[in-house]
Protein chains: 2
Amino acid sequence: MSASTTTGLIDMETLERVAPVIRLTAHPLRLRIIDYLRREGEPRCVTDIGEALGSDQSVTSQQLRILRDQGVLAGRRAGCHMLYNITDPSVLLLLDCIREHHCRRSSDGPTAAQSAAQTAH
Amino acid sequence: MSASTTTGLIDMETLERVAPVIRLTAHPLRLRIIDYLRREGEPRCVTDIGEALGSDQSVTSQQLRILRDQGVLAGRRAGCHMLYNITDPSVLLLLDCIREHHCRRSSDGPTAAQSAAQTAH
DNA sequence: TGACGATATAGCGATCTAGCGATATAATGT
DNA sequence: ACATTATATCGCTAGATCGCTATATCGTCA
């Protein structure tokens with residue numbers, strides 16, 4: 001019985017590798033940056049992103065670096081600009097998921113999850 | 001021009017509300033717990049989960065509480081057991097996404113995202 | 001080369017998170 | 001009531017993350 005307790009589950013190594021990517025991506029401003037880049041459809045520079053989202057240059061650059069380190073974004077030089085674009089399509093699924101999440105959570109009032117979590121205690 | 005820079009994007013309030021849920025869910029053991037509960041198909045108690053995943057009782061209980069606080073899981077009493085089940089279906093999408101992610105990243109070698117991130121520097 | 005615009009990094013204090021051991025609470029059966 | 005099993009919480013230390021300011025680097029043009 002001990003051999004099959006975890007068969008069929010995603011192995012721990014994979015989770016330990018992927019979890020940080022998701023965790024670091026799940027940040028309000030960083031998600032917004034990704035959403036912005038998606039809507040724009042083409043690479044944007046740091047200044048554009050910062051101005052559009054109202055975030056400071058330094059902060060914007062830091063977030064971009066984090067996302068780049070995770071392989072979510074990539075940046076290429078264009079003159080004195082740095083153009084960033086989305087390189088990991090799976091984060092777009094995450095955004096789609098958030099859109100649904102949003103509708104379910106805020107429009108429909110308390111969700112099955114929330115009410116269940118309360119009554120369960 | 002200032003009015004339409006962020007139209008069509010997920011609003012910041014939504015992101016600030018959803019991001020913590022994703023961030024706290026994106027934890028190796030917690031993802032594994034969710035994956036385990038999904039595979040089992042029916043609610044499981046703390047001891048079962050801990051034994052199956054090889055995690056300490058205290059740690060397991062803590063993770064379950066975090067997931068319950070986020071509305072991802074719910075627990076109901078059954079005698080002296082506490083049976084947990086998944087209440088937020090969207091986390092299953094996250095797991096599916098990880099499975100794809102896993103295949104793309106580990107099987108195909110360096111991914112487009114990773115190579116692009118390196119050449120971009 | 002020197003000034004300037006654009007981007008990246010360093011350093012800091014504050015806050016959050018991870019695990020762990022010890023202990024407290026809850027439910028059951030005797 | 002008491003012992004037992006199951007679950008939850010507490011207290012702690014170490015490490016991660018956040019947002020900010022100041023400063024450094026890079027690329028362009030005169």
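The chains referred to below are lettered A, B, ... by the order of the sequence lines, with proteins before strands, and numbering in each begins at 1. None of these values were measured; they are calculated from a predicted model.
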**OP:** Considering only NZ, NE, NH1 and NH2 on the basic side and carboxylate oxygens on the acidic side, decide whether R30(B) and D35(B) come within less than 4.0 Å.
**Re:** no
**OP:** Rounded to the nearest 0.5 Å, what's the gap from SG on C45(A) to CD1 on I49(A)? Could you check?
**Re:** 7.0 Å
Original post:
Between dT7(D), dT28(C), dA18(C), which nucleotide gets closest to the side-chain atoms of R30(B)?
Top reply: dA18(C)
Original post:
Between dT7(C) atom P and R76(A) atom CZ, what is the distance in whole Å?
Top reply: 13 Å
Subject >> Listed nucleotide nearest any side-chain atom of V59(A), set dA8(D), dG19(D), dA8(C) >> reply: dG19(D)
**OP:** For L64(B) and for I66(A), find the nucleotide of DNA chain D with the closest heavy atom, then tell me which residue's nucleotide is more 5'.
**Re:** L64(B)
Subject >> hbond_proxy Q57(B) side chain to dA8(D) base (donor-acceptor, 3.5 Å cutoff) >> reply: yes
Original post:
Roughly how far apart are R44(B) CZ and H81(B) NE2, rounded to 0.5 Å?
Top reply: 11.5 Å
Subject >> Gap between atoms CZ and P, on R44(A) and dA6(C) respectively (whole Å) >> reply: 15 Å
Subject >> Any R77(B) side-chain nitrogen or oxygen under 4.0 Å from OP1 or OP2 of dA6(D) >> reply: no
**OP:** Select base, sugar-phosphate, or nothing to describe what S61(B) touches, counting heavy atoms under 4.0 Å on all strands.
**Re:** base
**OP:** Could you grab the distance from atom CG of L67(A) to atom CG of L24(A), nearest 0.5 Å is fine?
**Re:** 8.5 Å
Original post:
Is a donor-acceptor contact shorter than 3.5 angstrom present between the side chain of S58(B) and the base of dT9(D)?
Top reply: yes
Original post:
Atom CG of L67(A) to atom P of dC18(D): distance rounded to whole Å?
Top reply: 10 Å
Original post:
Rounded to whole angstroms, how far apart are CZ on R32(B) and P on dG19(C)?
Top reply: 14 Å
Original post:
Can you check the Q62(B) CD to dT17(C) C1' distance for me, whole Å?
Top reply: 11 Å
**OP:** Mind checking the CD-CD1 spacing from Q63(B) to I34(B)? Nearest 0.5 Å is all I need.
**Re:** 10.5 Å
**OP:** Rounded off to whole Å, could you give me the CD1-to-C1' distance for the I33(A) and dC18(D) pair?
**Re:** 14 Å
Original post:
Start at the 5' end of DNA chain D and walk down; is the nucleotide closest to Q63(A) or to A78(A) reached first?
Top reply: Q63(A)
Original post:
Does H81(B) make a side-chain N or O approach to OP1 or OP2 of dT7(D) shorter than 4.0 Å?
Top reply: yes
Original post:
Whole-Å distance between dA18(C) P and L24(B) CG?
Top reply: 7 Å
Original post:
Separation of D56(B) atom CG from dT23(C) atom P, in whole Å?
Top reply: 15 Å
Original post:
If only side-chain N and O atoms of R23(A) are considered, is one of them under 4.0 Å from the OP1 or OP2 phosphate oxygen of dC18(D)?
Top reply: no
**OP:** Just compare dT7(D), dT9(D), dT28(C) and give me whichever is closest to any side-chain atom of M82(B).
**Re:** dT7(D)
Subject >> R65(A) side-chain N/O to dT9(C) phosphate OP1/OP2 under 4.0 Å >> reply: yes
Original post:
When you measure from the side chain of C45(B), which nucleotide among dT21(D), dT7(D), dG21(C) comes out closest?
Top reply: dT7(D)
Original post:
Would one find a side-chain N or O of Y84(A) under 4.0 angstrom from OP1 or OP2 of dA6(C)?
Top reply: no
**OP:** Indicate the atoms forming the closest heavy-atom contact of R38(B) with L92(B), along with that distance.
**Re:** CD-CD2, 3.8 Å
Subject >> Distance test, side-chain N/O of H27(B) to OP1/OP2 of dG19(C), below 4.0 Å >> reply: yes
